[in-house]
S.K.: 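Input: one structure, supplied below.
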Amino acid sequence: QVQLVESGGGLVQAGGSLRLSCAASRRTFSRYAMGWYRQGPGKERAFVAGINWSDITTYYGASVKGRFAISRDSTKNTVTLQMNSLKPEDTAVYYCAADPSIDKLPRGAPDYWGQGTQVTVSS
C-alpha cells in the first residue's frame, strides 16, 4: 500500500518562506512521479507542482511558477516543496500526491494522496 505523509506546514507572514516535505517508502519514491496539490477555503483543489522519477521533468501551476520549487531527495525518500515569496492567496491545505505517470499529476487524478498539511500566510 502506498502511504504519503506530509509535514512542514505552518503560519508564515506574507513574503516569507516555508518548506514542505512528503515522505514515502523507498519503493514508492523510486517508482512514482510525485507532486503537490492545494485546496484553499471555498476553492477547488488545484495542482501546484509535480516531478518525475529521474528529477528531469517538472510541472508547476501558473500561480506558483517562479516562487515555488519541487525537488526529490533520494537519500531520504522525500519530495519537498520550497515555497518562497508567499502570499495570503497561498493559504491552503497542501496535499502530497503520487502516480506512476507524471502526465496524470497536473490533470487532477493521481492515484495516491496524503492527508494534507495546513499552510497559512498572513498579510
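On a predicted model such as this, the values are computed, not experimentally measured, just so you know.
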S.K.: Please determine whether the number of non-hydrogen atoms from other residues, nucleotides or ligands lying under 6.0 Å from atom CD of Gln115 exceeds 12.
M.R.: no
S.K.: Output the distance between atom CG (Asp73) and atom OG1 (Thr78), rounded to the nearest 0.5 Å.
M.R.: 4.5 Å
S.K.: List the steps and the verdict of side chain to side chain contact (heavy atoms under 4.5 Å, CB included) for Leu20 and Val119.
M.R.: CA-CA 9 Å; Leu20 306 182; Val119 172; 3.9 Å; yes
S.K.: Just do the side chain to side chain contact (heavy atoms under 4.5 Å, CB included) check on Ile70 and Met34 with the steps written out, would you?
M.R.: CA-CA 9 Å; Ile70 188 170; Met34 301 180 69; 6.0 Å; no
S.K.: With the side chain counted from C-beta on, respond yes when Tyr95 and Val48 share a heavy-atom pair under 4.5 Å apart, and no when they do not.
M.R.: no
S.K.: Taking the side chain as every heavy atom from C-beta outward, state whether Leu18 and Leu86 have any pair of such atoms under 4.5 Å apart.
M.R.: yes
S.K.: Under the rule for side-chain hydrogen bond (donor to acceptor under 3.5 Å, both in side chains), what residues qualify as partners of Asp103, not counting sequence neighbours?
M.R.: none
S.K.: According to the salt bridge (Lys or Arg N to Asp or Glu O under 4.0 Å) rule, which pairs have a member within residues 114-123, sequence neighbours left out?
M.R.: none
S.K.: Using every non-hydrogen atom in the two residues, find where Ala92 and Gln118 come nearest and quote the distance to one decimal.
M.R.: O-NE2, 3.4 Å
S.K.: Where is the tightest heavy-atom contact between Gly50 and Ile102, given as atom of each residue plus distance?
M.R.: C-CD1, 4.0 Å
S.K.: Nearest heavy-atom pair of Pro110 and Ala98: which atoms, and what distance?
M.R.: CB-O, 3.7 Å
S.K.: Determine the minimum heavy-atom distance between Ser17 and Asn84, stating which atoms define it.
M.R.: OG-OD1, 2.9 Å
S.K.: Got a donor-acceptor contact below 3.5 angstrom from the Glu6 side chain to the Cys96 backbone?
M.R.: yes
S.K.: Would you give the length of the straight line joining atom OG1 of Thr117 to atom CG of Leu81, rounded to the nearest 0.5 angstrom?
M.R.: 11.0 Å
S.K.: List the steps, then state whether side chain to side chain contact (heavy atoms under 4.5 Å, CB included) holds for Met83 with Val12.
M.R.: CA-CA 11 Å; Met83 304 184 293; Val12 298; over 6 Å; no
S.K.: When rounded to the nearest 0.5 angstrom, what is the spacing between CG in Asn52 and OG1 in Thr57?
M.R.: 4.0 Å
S.K.: Minimum heavy-atom separation for Tyr32 to Asp99, with atom names?
M.R.: CD2-C, 3.3 Å
S.K.: Start with the C-alpha gap between Ser101 and Arg107, add the side-chain angles, then the distance that decides, and say whether side chain to side chain contact (heavy atoms under 4.5 Å, CB included) holds.
M.R.: CA-CA 11 Å; Ser101 174; Arg107 299 177 186 272; over 6 Å; no
S.K.: Just verifying a value: how many Å separate Asp90 CG and Ser63 OG, rounded to the nearest 0.5 Å?
M.R.: 7.0 Å
S.K.: Looking at Ser21, is its backbone amide N or carbonyl O close enough to the side chain of Thr80 to form a donor-acceptor pair, meaning the two atoms are under 3.5 Å apart?
M.R.: no
S.K.: Go through Phe47 and Tyr59 one step at a time and tell me if the ring pair (Phe, Tyr, Trp, His ring centres under 6.0 Å) criterion holds.
M.R.: CA-CA 9 Å; Phe47 175 75; Tyr59 294 99; 7.1 Å; no
S.K.: How many angstroms lie between atom OG of Ser123 and atom CD of Gln13, to the nearest 0.5 angstrom?
M.R.: 8.5 Å
S.K.: Report the distance from atom CZ of Arg26 to atom OG1 of Thr75, rounding to the nearest 0.5 Å.
M.R.: 10.0 Å
S.K.: Can you label the angle between the Phe68 ring and the Tyr94 ring as parallel, tilted or perpendicular, going by 30° and 60°?
M.R.: tilted
S.K.: Mind listing the closest non-hydrogen atom pair of Ser71 and Arg19 along with its distance?
M.R.: OG-NH2, 4.0 Å
